[in-house]
Each structure stands twice: as structure tokens, then as C-alpha cells.
Amino acid sequence: MKFRGRRTRPAVLPVLMTSCLLMLGLVTLARAIEPGEHRATARNVIFMIGDGCGPAYVELGRGVKGAPLSLDPYLVGASQTAASDSRVTDSAASATALACGVQTRNEAIGVDTRGRAHRTLLEAAESCGRSTGLVATSRITHATPAAFAAHVPHRDDEDAIAAQEVEQNIELLLGAGARHFIPVASGGHRTDSRNLLDEQRRSRRH
């Protein structure tokens, strides 16, 4: 599913980043603007997600450090990411809530409870002619980064996720999980004989 449009102006770089670092939490680069203060236009947006990191972990970090954390000036709010089918939310449902703004069941990626695909923040940026990237300390096809670039009913379908990430024309994909981009014959996991890395190399040359 594609939502891209023509690139009509110089690209800036929104980067959707996932991290397993304990103290990251959800960070935005926005902050409250005081009355009368000039609001500068943001050139870049970095969306950082501490996978599995809730407010309790951030507060624990403050307690251990005995002082405010470096991320505190950037914490401007919270988001509800509860799954539709469980009190315990997994990375797929929570990342879908953050990426698409819809509630879904655990294990679903980029789709709602009826399996309908919803546009993600990354796809919206691409449709406006922006350059985008996904950076992860996990597999790049893991549920959290996948929810920003793919639409599949189950998070374990990482071969399909890899193909969709490539088809999004994302400018930067940085993370582990190369096995989902290369075929079994080349030491990978794909059974469809596609070598997505080679496909990308060829497309970049053209």
C-alpha cells in the first residue's frame, strides 16, 4: 500500500528511531512555546521510542541518577497505546497506535482491528516529499520499526515487512535482520528467492 506523492521541494529528514535504551521513553523535539516567543520552523524531526519503556522506568532513572534526566526538557506529553484485545500491550499494537493513531490488537502491524491498513507518519512524510529513515537497535523488521512502514496482520511475517519497507523508498534503513532481505540460497530466510538488498542496489544505480 503506497501513499507517496511527487517530491517537489528539498527533502528534510524525519527519522523514526527505536531504541531499547532503558531511559529513552517517548521523546519529541517539540517544547512548550512561551507567550510572545518566536516559533521556529523545525527542519528535522526525530521520533524516538524506548521499546517497552513507560513513565515508571523514566521515574526510576531520575531516582537512580538523583537528578533530572537529559530527556526531561523534551517530554511534553503521553500517548495511550493500549491494545484492543489485552491488558498487556505488545510492541506491534503500541507502535501502530503511535504510527497510525489507531487502536489495534496485539501482533497486528499498521492495521486496525478489522485488518484495514492505515497511513503511518512515515508514509505521510514520504507523500509530502520528505526524506525518511528507520533506525533500530533491533531487527529493522521488528514490530516497532515495522509499524511505521508496513501493514501486515501478524508481526512475525517479517519477510513481508522487509519487502514493504523496501517498497516504501525509505532513504535510510539501519538495523539488524538482514536474513529477511535475502533468500535461503544466500544464507537468508526468504523463500521467494528475492534478494531485496540486490534489488535496492540495482535501483539506486538507475
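Along the sequence shown, residues carry numbers from 1.
Of the inter-residue distances, the one linking L197 atom CG with I182 atom CD1 reads 6.5 Å to the nearest 0.5 angstrom. Rounding to the nearest 0.5 Å gives a distance of 6.0 Å between OG1 of T81 and CG of L98. Between atom NE2 of residue H118 and atom SG of residue C100 there is a gap of 7.5 Å, rounded to the nearest 0.5 Å. Considering CD of E158 and CD of Q164, their distance stands at 12.5 Å, rounded to 0.5 Å. Put simply, CG on D72 and CG on L69 are 5.0 Å apart, with the number rounded to the nearest 0.5 Å. Put simply, CG on L134 and CD on E171 are 10.5 Å apart, with the number rounded to the nearest 0.5 Å.
Looking at every heavy atom in both residues, G110 comes nearest to T96 through N-OG1, 3.0 Å. In this structure, L122 and G133 approach most closely via the heavy-atom pair CD1-O, 4.4 Å. In terms of heavy-atom proximity, I109 sits nearest to R155 at CG1-CA, 3.8 Å. Across every non-hydrogen atom of P145 and H142, the tightest pair is CD-O, 3.2 Å.
With hydrogens and angles disregarded, a donor-acceptor distance shorter than 3.5 Å links the side chain of T89 to the backbone of A83. At distances below 3.5 Å, at least one donor-acceptor pair connects side-chain atoms of S86 with backbone N or O atoms of V88. In this structure a side-chain-to-backbone donor-acceptor pair under 3.5 Å is present from D85 to N106. Checked by atom type and distance alone, the side chain of Q168 pairs as donor or acceptor with a backbone atom of A149 at under 3.5 Å. Between the side chain of T104 and the backbone N or O of A93 there is no donor-acceptor pair closer than 3.5 Å. In this structure, the side chain of Q103 engages the main chain of A82 through a donor-acceptor pair within 3.5 Å. Using a distance-only test at 3.5 Å, with no hydrogens or angles considered, no donor-acceptor pair links the side chain of T144 to the main chain of A95.
Side chains of E123 and H151: a donor on one and an acceptor on the other come within 3.5 Å.
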Note to self: Determine whether T141 and E165 satisfy the following criterion, side-chain contact (heavy atoms from CB on, under 4.5 Å), listing intermediate values before the conclusion.
What the structure shows: CA-CA 8 Å; T141 52; E165 288 179 338; 3.8 Å; yes

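Residues I170 and F148 have side chains not in contact (no heavy-atom distance under 4.5 Å, counting atoms from C-beta outward). Contact check for L121 versus V45: no side-chain heavy atoms found under the 4.5 Å cut-off. Side chains of V111 and P153 form no contact here, defined as non-hydrogen atoms less than 4.5 Å apart.
Here H154 pairs with nothing under the ring pair (Phe, Tyr, Trp, His ring centres under 6.0 Å) rule; sequence neighbours left out.
The stretch residues 187-196 participates, sequence neighbours left out, in these side-chain hydrogen bond (donor to acceptor under 3.5 Å, both in side chains) pairs: D159-H189, R190-D192, R194-E199, N195-D198.
When the side chains of ILVMFWY residues are joined at heavy-atom separations under 4.5 Å, either directly or via intervening members, I140 and L196 end up in a single hydrophobic cluster.
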